[in-house]
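To start, the structure under review is shown below, and the notes come after it.
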Protein chains: 2
Amino acid sequence: MVAGPLPTRSGPGKDRLRLWIRLLRASRTIETELRERLKKEFNTTLPRFDVMAALYRSPEGMLMSDLSRFLLVSNGNVTGIVDRLVSEGLVARARRNGDRRTSMVRLTEEGSKTFAVIAAAHEGWIGELLGTVSEDEARRLTGMLTSFRSNWEGRE
Amino acid sequence: MVAGPLPTRSGPGKDRLRLWIRLLRASRTIETELRERLKKEFNTTLPRFDVMAALYRSPEGMLMSDLSRFLLVSNGNVTGIVDRLVSEGLVARARRNGDRRTSMVRLTEEGSKTFAVIAAAHEGWIGELLGTVSEDEARRLTGMLTSFRSNWEGRE
DNA sequence: ATATGTTATTTCAAGCTTAAAGTTTCATAT
DNA sequence: ATATGAAACTTTAAGCTTGAAATAACATAT
């Protein structure tokens, strides 16, 4: 789903529109490839990988709302993905003493081991898929996107 | 769904991994905003907008497989979205004389008018959302992403 | 203590998405 | 003409995604 209207027209907003379309097509292309490999090699999905990646960074655990905010997806969405990870034994919900509305979500021992393996492959894939971008260019691109991001956060 | 594992680690693939995470976060952020506005202002969705945008570029119509290839999504996916657009009167399937397996999909008169209005708003939104990226920077970023894209297409 | 509002999470309905299987039509070789 | 395979599309099952409604627990003001 990456069309963008009238990319060949000219006008004031032309360059930004074109940038948006490229951005979207690039990320969709890579995402599709990653999804296929995760499925084929590890029988998992991109959303599950993303949740595990977030939890791997926080051994102490994360609240559902932390996950949702960090991953830029809705609350209800995270519930379903975590449910499936729990049923696979990769993630656990731990009730907290203080606030009984919340629960700390964290990787299980098995989840942590499993993720480490997948993450190593994932990093290799990214290196391969973005191989045509030089490391230097990657840094410059990242810089531009980062400044966009921080400006964005300032406004919203 | 935009985590990315261990973005703070260092190593050979570090810069490309970081780039990928930024790319994904940027496109998800913009996508979310566009989706909300399309829903609120025009009561439509991003996938429907994308299909209409593709058809708007081809007044003669497109095959389902053209749409699917152009939008980088699966065949079955397009079927459902076009079904809904047809039921809304914005798109029509026209049986062809030659090949009875295929049908040309095109915007109806109403679909074309409707899209023109939405597309104008959409272009304004992009200009606003990417407002912090200068036109010059936008061109450079686009160039880098384009070269990635064409290299990619060479391999797959 | 009780009411009122807020926060964290889940549930729900609708729609999007994919991969795989199924259908129909076309193309080609015998 | 008939079989065999390929192509275009749809259907299906499972999972992802959102926004909105529902639930439960907490916080605050009376």
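- Side-chain contact annotation: Thr45(B) with Arg35(B), donor-acceptor N/O pair under 3.5 Å absent.
- Regarding Leu71(B), its CG atom lies at a distance of 14 Å from the P atom of dC9(D), rounded to whole Å.
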Could you go over nucleotides 26-29 of chain C and give all protein N or O partners under 3.5 Å, atom names and distances?
| residue | atom | partner | partner atom | Å |
| --- | --- | --- | --- | --- |
| dC26(C) | OP1 | Gly98(B) | O | 3.2 |
| dC26(C) | OP1 | Arg100(B) | N | 2.8 |
| dC26(C) | OP2 | Arg100(B) | NH2 | 2.8 |

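- If you check every strand for non-hydrogen atoms under 4.0 Å, Arg69(B) touches nothing.
- Taking the six-membered ring where the residue is Trp, the centroids of Phe115(B) and Phe49(B) are separated by under 6.0 Å.
- Across the protein-nucleic acid pair, Arg93(A) atom CZ and dT9(C) atom P stand 10 Å apart, rounded to whole Å.
- Nucleic acid contact for Ser74(A): base, since at least one base atom lies under 4.0 Å from a heavy atom of the residue.
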key: Leu145(A) and Leu23(A): CA distance, side-chain angles, deciding distance, side-chain contact (heavy atoms from CB on, under 4.5 Å) verdict   = CA-CA 10 Å; Leu145(A) 292 171; Leu23(A) 206 61; 4.2 Å; yes

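- Distance check, rounded to the nearest 0.5 Å: CD1 of Ile126(A) to CD of Glu33(A) gives 10.0 Å.
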What nitrogen or oxygen pairs link the protein and nucleotides 21-23 of chain C at under 3.5 Å?
none

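- The phosphate of dT18(D) has OP1 or OP2 within less than 4.0 Å of a side-chain N or O from Asn77(A).
- Geometrically, Arg25(A) engages Phe70(B) in a cation-pi contact defined by less than 6.0 Å to the ring centre and at most 45° from the axis.
- The side-chain hydrogen bond (donor to acceptor under 3.5 Å, both in side chains) with Arg16(A) is formed by just one residue from the set Glu135(B), Glu137(B), Glu123(B); it is Glu135(B).
- Here Arg140(B) does not pair with Asp15(A) in a salt bridge; the nearest charged N to carboxylate O distance is not below 4.0 Å.
- Distance NZ (Lys39(A)) to C1' (dT17(C)): 13 Å, rounded to an integer number of Å.
- Taking every side-chain heavy atom of Leu63(B) into account, dC9(D) is the closest of dT18(D), dC9(D), dT18(C).
- Here Lys113(A) does not pair with Glu109(A) in a salt bridge; the nearest charged N to carboxylate O distance is not below 4.0 Å.
- Atom CD of Glu60(A) sits in a crowded spot, with more than 12 heavy atoms from other residues, nucleotides or ligands closer than 6.0 Å.
- For Ile81(A), the side-chain atoms get nearest to dT17(D) when compared with the rest of dT17(D), dA8(D), dT17(C).
- Rounding to whole angstrom units, CZ of residue Arg48(B) and C1' of dT18(D) are separated by 13 Å.
- Between Thr102(B) and dT25(C) there is no side-chain polar atom (N or O) within less than 4.0 angstrom of OP1 or OP2.
- Straight-line distance from the CG atom of Asp83(B) to the P atom of dC9(D): 13 Å, rounded to whole Å.
- Using a 4.0 Å heavy-atom criterion, one finds that Ser103(B) contacts the sugar-phosphate atoms exclusively.
- Nearer the 5' end of DNA chain C, as judged by each residue's closest nucleotide, is the contact made by Gly76(A), out of Gly76(A) and Glu36(A).
- If you measure from atom CZ of Arg37(A) to atom C1' of dT18(C), you get 18 Å, rounded to the nearest angstrom.
- The nearest whole Å value for the distance from the CZ atom in Arg35(B) to the P atom in dA20(D) is 13 Å.
- For the atom pair His122(A) NE2 and Arg37(A) CZ, the distance stands at 10.5 Å (nearest 0.5 Å).
- With rounding to whole Å, Met64(A) atom CE is found 19 Å from dT23(D) atom P.
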